[in-house]
**Q** 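This is the structure, below, for whatever I ask next.
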Protein chains: 2
Amino acid sequence: MESLQPGRFALKNGEAMKISEASTKSGLSADTIRYYEKSGLVPAVERGPDGLRRFSPENIEWLTLLYWLRKTGMPMKEMQRFAALYRDGEVTIADRRKLLLKHSERLRQRRMDLDRCNEVLAYKIAAYYKIEGDLS
Amino acid sequence: MESLQPGRFALKNGEAMKISEASTKSGLSADTIRYYEKSGLVPAVERGPDGLRRFSPENIEWLTLLYWLRKTGMPMKEMQRFAALYRDGEVTIADRRKLLLKHSERLRQRRMDLDRCNEVLAYKIAAYYKIEGDLS
DNA sequence: CACTTGACTTGGAGTCACTCCAGCCCGGTA
DNA sequence: TACCGGGCTGGAGTGACTCCAAGTCAAGTG
């Protein structure tokens with residue numbers, strides 16, 4: 001459908017990357033990228049005449065964002081919702097912003113968990129250290 | 001074997017808890033506690049005459065530690081190794097300390113991920129915010 | 001020109017760490 | 001007596017990958 005508009009994407013091939021390059025640039029493995037596409041997290045990845053995926057710079061930016069969201073614990077369901085909003089264009093910007101704000105709240109929580117765990121570890125490590133001293 | 005020493009554990013029943021209490025105190029679900037026991041993460045949980053598990057305060061402390069380790073991303077395999085060391089007594093204290101140190105290094109790494117993600121989010125949120133302004 | 005190499009394709013099986021559930025037993029209450 | 005809550009076991013299901021077999025295609029080599 002897009003390809004009916006003559007020349008619209010015709011000469012962007014210089015920018016288009018295959019999956020391995022998309023993988024190194026986004027941080028996601030090739031398997032994960034394919035999996036995300038199947039799961040509806042990546043809208044409209046084009047294919048070259050050889051049938052291979054071609055990723056635009058915008059695709060890469062999107063994948064990179066997904067990489068960070070997933071790495072910091074956003075569940076797939078929420079990423080799917082985020083992707084649906086992304087697909088629907090600028091009218092969803094406010095919703096997307098809210099979704100990211102919610103995630104940054106989650107990050108705050110996770111950081112608190114890390115800090116609390118660090119305390120527990122410090123306590124344990126000190127206790128072990130003391131016992132080691134007593135043993136020798 | 002321990003029970004051959006008369007009275008050694010005989011009157012500790014006032015302290016012993018059932019699984020639901022162990023769950024609220026440790027933070028792990030009852031299902032997870034049973035799963036951890038099956039997987040060899042929890043050494044020697046005793047049973048009452050009714051066949052139900054009885055958790056000692058030491059059990060609870062151990063489960064709580066597992067809770068924090070798992071919550072902050074220590075893999076099962078490593079927890080199993082940690083549990084094996086714990087079972088083998090004080091001679092393994094130095095190894096246990098090293099294992100926890102390694103984990104706290106992992107925490108450092110995770111925190112860096114959170115911070116990096118926060119930057120990405122802040123950037124995106126600001127960009128969205130600007131677009132919202134332009135739209136209205 | 002045949003052959004090999006290597007990057008890519010798909011569909012499907014396997015993995016990790018739970019989580020949920022069916023079907024059972026048991027002690028206490030109305 | 002009938003029921004209820006809480007525990008038990010073994011096993012199936014889930015989320016998010018991860019790995020693999022079997023195939024296609026393009027480019028490079030003898």
Side-chain angles (χ1 to χ4, degrees), chain A residues 13 16-42 44-56 59-60 62-83 103 106 110 113 117, chain B residues 13 16-42 44-56 59-60 62-83 103 106 110 113 117:
Chain A
N13 295 353
M17 302 160 235
K18 300 199 216 169
I19 203 165
S20 64
E21 199 179 347
S23 166
T24 52
K25 295 214 168 169
S26 69
L28 297 167
S29 77
D31 270 324
T32 300
I33 292 173
R34 281 189 284 258
Y35 171 66
Y36 279 7
E37 192 186 355
K38 248 190 268 181
S39 315
L41 292 184
V42 190
V45 181
E46 293 174 55
R47 302 285 181 134
D50 48 6
L52 307 189
R53 290 173 182 81
R54 298 302 156 131
F55 296 85
S56 70
N59 285 153
I60 300 299
W62 178 249
L63 288 174
T64 307
L65 182 51
L66 292 185
Y67 167 82
W68 283 110
L69 295 180
R70 189 66 205 87
K71 180 159 204 178
T72 52
M74 180 179 288
M76 285 280 275
K77 288 232 164 138
E78 208 166 317
M79 296 207 305
Q80 271 157 353
R81 172 155 162 60
F82 189 45
H103 187 62
R106 188 158 24 210
R110 273 178 128 68
D113 288 343
C117 184
Chain B
N13 296 353
M17 302 160 236
K18 298 199 218 168
I19 203 166
S20 63
E21 198 179 347
S23 166
T24 52
K25 295 215 169 169
S26 68
L28 297 167
S29 77
D31 271 323
T32 301
I33 292 173
R34 283 188 283 259
Y35 171 65
Y36 278 7
E37 192 186 355
K38 249 189 268 178
S39 315
L41 292 184
V42 190
V45 181
E46 291 174 55
R47 301 284 179 132
D50 47 6
L52 306 188
R53 290 175 182 80
R54 300 299 157 135
F55 296 85
S56 71
N59 285 153
I60 300 299
W62 178 248
L63 288 174
T64 306
L65 182 52
L66 292 186
Y67 167 82
W68 284 110
L69 295 179
R70 191 62 204 91
K71 181 160 202 176
T72 51
M74 180 180 287
M76 286 280 276
K77 289 233 163 136
E78 209 166 317
M79 297 206 306
Q80 272 157 353
R81 173 156 162 60
F82 189 45
H103 188 61
R106 189 158 22 208
R110 275 177 127 68
D113 288 343
C117 184

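Since the model is a prediction, treat every value here as computed from it, not as a measurement. Each chain gets a letter, A, B and so on, in the order its sequence line appears, and its residues count up from 1.
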**Q** Please state how far atom CD in A/Glu37 lies from atom C1' in C/dT10, giving the value in whole angstrom units.
**A**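 About 12 Å, once rounded to whole Å.
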
**Q** Could you tell me the separation between the CD1 atom of B/Ile19 and the P atom of D/dG5, rounded to a whole number of Å?
**A** 19 Å

**Q** Working to the nearest 0.5 Å, report the span between CZ of B/Phe55 and NZ of B/Lys25.
**A** 13.0 Å

**Q** Using whole Å, what does the distance between atom C1' of nucleotide D/dG6 and atom CG of B/Asp50 come to?
**A**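 To the nearest whole Å, that distance equals 11 Å.
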
**Q** Check for a donor-acceptor pair, side chain of B/Ser23 on one end and backbone N or O of B/Leu28 on the other, with a separation under 3.5 Å.
**A**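 Side chain of B/Ser23 to backbone of B/Leu28, a donor-acceptor pair under 3.5 Å: yes, one is there.
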
**Q** Describe, as an angle rounded to 10 degrees, how the axis at the first end of the helix from C/dC1-D/dG30 to C/dA30-D/dT1 is tilted relative to the axis at the last end, five pairs per end.
**A**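 About 20°, once rounded to a multiple of 10°.
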
**Q** Taking any heavy-atom pair under 4.0 Å as a contact, classify B/Ser20: base, sugar-phosphate, or nothing.
**A** sugar-phosphate

**Q** CG of B/Leu66 versus P of C/dC18: gap in Å, rounded?
**A** 10 Å

**Q** Without decimals, in angstroms, what is the distance between B/Glu78 CD and C/dA17 P?
**A**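 Rounding to the nearest Å, CD of B/Glu78 and P of C/dA17 are 11 Å apart.
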
**Q** Rounded to whole Å, please give me the gap between CG in A/Leu52 and C1' in C/dT10.
**A** 13 Å

**Q** As an exercise, state the distance from CD1 of B/Ile33 to CD1 of B/Ile19, rounded to the nearest 0.5 Å.
**A** 5.0 Å

**Q** Quick one, A/Ser39 and A/Gln80 - any side-chain contact, counting heavy atoms below 4.5 Å?
**A** yes

**Q** When you compare the side chain of B/Arg70 with that of B/Tyr36, does any pair of heavy atoms fall below 4.5 Å?
**A**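 Answer yes - side chains close enough.
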
**Q** Measuring from atom CE of B/Met79 to atom CG of B/Leu66, what distance do you get when rounded to the nearest 0.5 angstrom?
**A** 5.5 Å

**Q** Starting at NZ of A/Lys38 and ending at P of C/dT9, how long is that distance when rounded to a whole Å?
**A** 12 Å

**Q** Categorize B/Arg47 for me: base, sugar-phosphate, or nothing, with a 4.0 angstrom heavy-atom threshold over every strand shown.
**A**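 Since only primed, P, OP1 and OP2 atoms lie under 4.0 Å of B/Arg47, the category is sugar-phosphate.
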
**Q** Using a 4.0 Å heavy-atom cut-off to protein, can you give one letter per nucleotide of nucleotides 14-20 of chain D, 5' to 3': B if the base is in contact, S if only the sugar-phosphate is, - if neither?
**A** --BBSB-

**Q** With side chains defined as the heavy atoms from C-beta onward, is the minimum distance between B/Arg53 and B/Glu46 less than 4.5 Å?
**A**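 When only atoms from C-beta onward are counted, B/Glu46 and B/Arg53 do not touch, as no gap falls below 4.5 Å.
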
**Q** What is the distance, rounded to the nearest whole Å, between atom CG of B/Leu69 and atom C1' of C/dC16?
**A** 17 Å

**Q** Just verifying a value: how many Å separate A/Met76 CE and A/Leu41 CG, rounded to the nearest 0.5 Å?
**A**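 A/Met76 atom CE to A/Leu41 atom CG measures 5.0 Å (nearest 0.5 Å).
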
**Q** Could you go through the side chain to side chain contact (heavy atoms under 4.5 Å, CB included) check for B/Arg110 and A/Arg110 one step at a time?
**A** CA-CA 10 Å; B/Arg110 275 177 127 68; A/Arg110 273 178 128 68; 5.8 Å; no

**Q** Can you see if the side chain of A/Arg53 gets near the phosphate of C/dC8 - specifically, an N or O under 4.0 Å from OP1 or OP2?
**A**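 For C/dC8, neither OP1 nor OP2 has a side-chain N or O of A/Arg53 closer than 4.0 Å.
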
